Number of protein chains: 2
Amino acid sequence: MTFAQFNQAAAISRREIYREIYHEHRLTIKAKKEKTALKNLELIFEATLKISNKKGFSAMTMRDLSAETGLSLGVLYHYFASKEELLDMVQSTGRGITSRILRQALAGESDPAARLRAGIKAHLFLSEAMQPWFYFSYMEARHLGSEEKERTKASELYSEKLFADILKNGQEQGVFKPMDCQNMAAVIKAMLQDWYVKRWKYAKRGQNVDQYASFVVDLVESYCLAGGEPQEK
Amino acid sequence: MTFAQFNQAAAISRREIYREIYHEHRLTIKAKKEKTALKNLELIFEATLKISNKKGFSAMTMRDLSAETGLSLGVLYHYFASKEELLDMVQSTGRGITSRILRQALAGESDPAARLRAGIKAHLFLSEAMQPWFYFSYMEARHLGSEEKERTKASELYSEKLFADILKNGQEQGVFKPMDCQNMAAVIKAMLQDWYVKRWKYAKRGQNVDQYASFVVDLVESYCLAGGEPQEK
DNA sequence: GTCTATATACGGATAGAC
DNA sequence: GTCTATCCGTATATAGAC
């Protein structure tokens, strides 16, 4: 699986994302016409990610957002009750998409080594396709209210557990060597996160996501399969 | 080398840190008596790290800092000209200590495998001893002015290069197998960073820094030293 | 439905009292 | 040397004009 193939298969349509957000918050969003609502939601979210990822969400003012979107302050407040609610909306949308795509990717595979590869690549490719969302989620998690913060931690632990379970399963089947599955899952996540957090570093030396994915898969497999026969792709 | 041994050898005396800061900024700090200056600097920095690491530096108000330190606003401004200068002081102090300790740790070793181990452990142990500083540097780097931001990026690239050079050197000596040294160095750094960024996760399952260090060293060495047949790309 | 003007509060920084 | 009172700017959020 390459990034290009992933993009086609997953069909992360931006329009689809905003339709979801609109219907999820239909009660609080005051705009009535769906067409303008979708257009404005897209403007608002893209601008929020753009500005926040440059100078931080708390440093982004509502006037910044107004200027970037071309929407007035009054209109902005038709889509969320407060700046904090906007933050929560971005975070929960990101979480939802991530867990859905990860589950989808793993559902198609049964062999532990294949599941491990699929999980790593799906996560990397998704974070590549939605880099601003991932970066935002990572950096702004600590500015959330306590309730949303707990949800974010739970989400981190959930995806770590996905990887840990794959590893444990592989061990039980005798495909992977004995190891500390929790730590292995943790460092896999760390490597996946580095791709979207330190994007500038990889861009600087012209590394693309397919190359990085191959490297991570190779490193992880070479550790987990050590002792057994080298595997073919 | 264990964390306990590192702590003794490196002797990261808190008092020493603040003495350094005081002398480095002697010209701008208005407090004259060294003794009270050191005490207040310690109060200010500890409080800044504590508050910022909870809610972010930009969300920390000068009144928060005043309440936490017990110092008045007027006194605080005797130690820095602006809130941004305080940010820069924290960052540059952290950078200085890190690069010094890393260089010291590597200076004692010549064998590539030993150097690799020493670099990984020194970084982990230092970040353990100064976790609030490292967490702060990592999270607040993007809120810096462009000049300080460049310095931070340079520091990131510098320590990555330290690891990449060790790997390349080991390859040339035939100790390490052929590999992508840049990516390997990058993911080593990612694993080191995860330790202090996601501290809560490791604490939750009772993992200590010596255990984590052993795991990372084992993973990295098992990949680099993998003998027999080198892998193809 | 959209925008402009403004209420209200709080931020960083400082001047001057003690 | 230290603290208190305050200036000035700007933040979020809203009410009311068009």
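Note that this is a predicted model, so its numbers are computed, not measured.
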Taking OH from A/Tyr79 and P from C/dC3, how many angstroms apart are they, rounded to a whole number?
10 Å

Starting from C1' on D/dA13, measure out to CD on A/Glu84 and report it in whole angstrom.
14 Å

Residues forming a side-chain hydrogen bond (donor to acceptor under 3.5 Å, both in side chains) with B/Arg205, sequence neighbours excluded:
A/Asn183

Whole angstrom value for the distance that separates P of C/dA13 from CG of B/Leu65
12 Å

Give every pair of a protein N or O atom and an N or O atom of nucleotides 5-12 of chain C that lie under 3.5 Å apart, one pair per line with the distance.
residue	atom	partner	partner atom	Å
C/dG12	OP1	B/Met60	O	3.4
C/dG12	OP1	B/Lys83	NZ	3.3
C/dG12	OP2	B/Met62	N	2.7
C/dG12	N7	B/Arg63	NH1	3.0
C/dG12	O6	B/Arg63	NH2	2.9

Specify whether B/Phe134 and B/His123 have parallel, tilted or perpendicular ring planes, treating 30° as the upper limit for parallel and 60° as the lower limit for perpendicular.
perpendicular

Using distance alone, with no hydrogens and no angle criterion, decide if B/Lys121 and B/Gln5 have a side-chain donor and acceptor under 3.5 Å apart.
no

Can you tell me the distance, in whole Å, between the NE2 atom of B/His78 and the P atom of C/dG16?
15 Å

Between D/dG1 (C1') and B/Glu34 (CD): distance, integer Å:
17 Å

Once side-chain hydrogen bond (donor to acceptor under 3.5 Å, both in side chains) is applied, do any residues pair with B/Asn40, and if so which ones, sequence neighbours excluded?
B/Tyr79

Whole Å only: how far is the CG atom of B/Leu86 from the P atom of C/dA13?
10 Å

d(NZ, A/Lys33; P, C/dG1) in whole Å
6 Å

Whole angstrom value for the distance that separates P of C/dG1 from CG of A/Leu76
15 Å

Among side-chain atoms of B/Asn208 and B/Tyr202, is any donor-acceptor pair under 3.5 angstrom?
no

Is the B/Phe3 ring parallel, tilted or perpendicular to the B/Phe125 ring (thresholds 30°, 60°)?
tilted

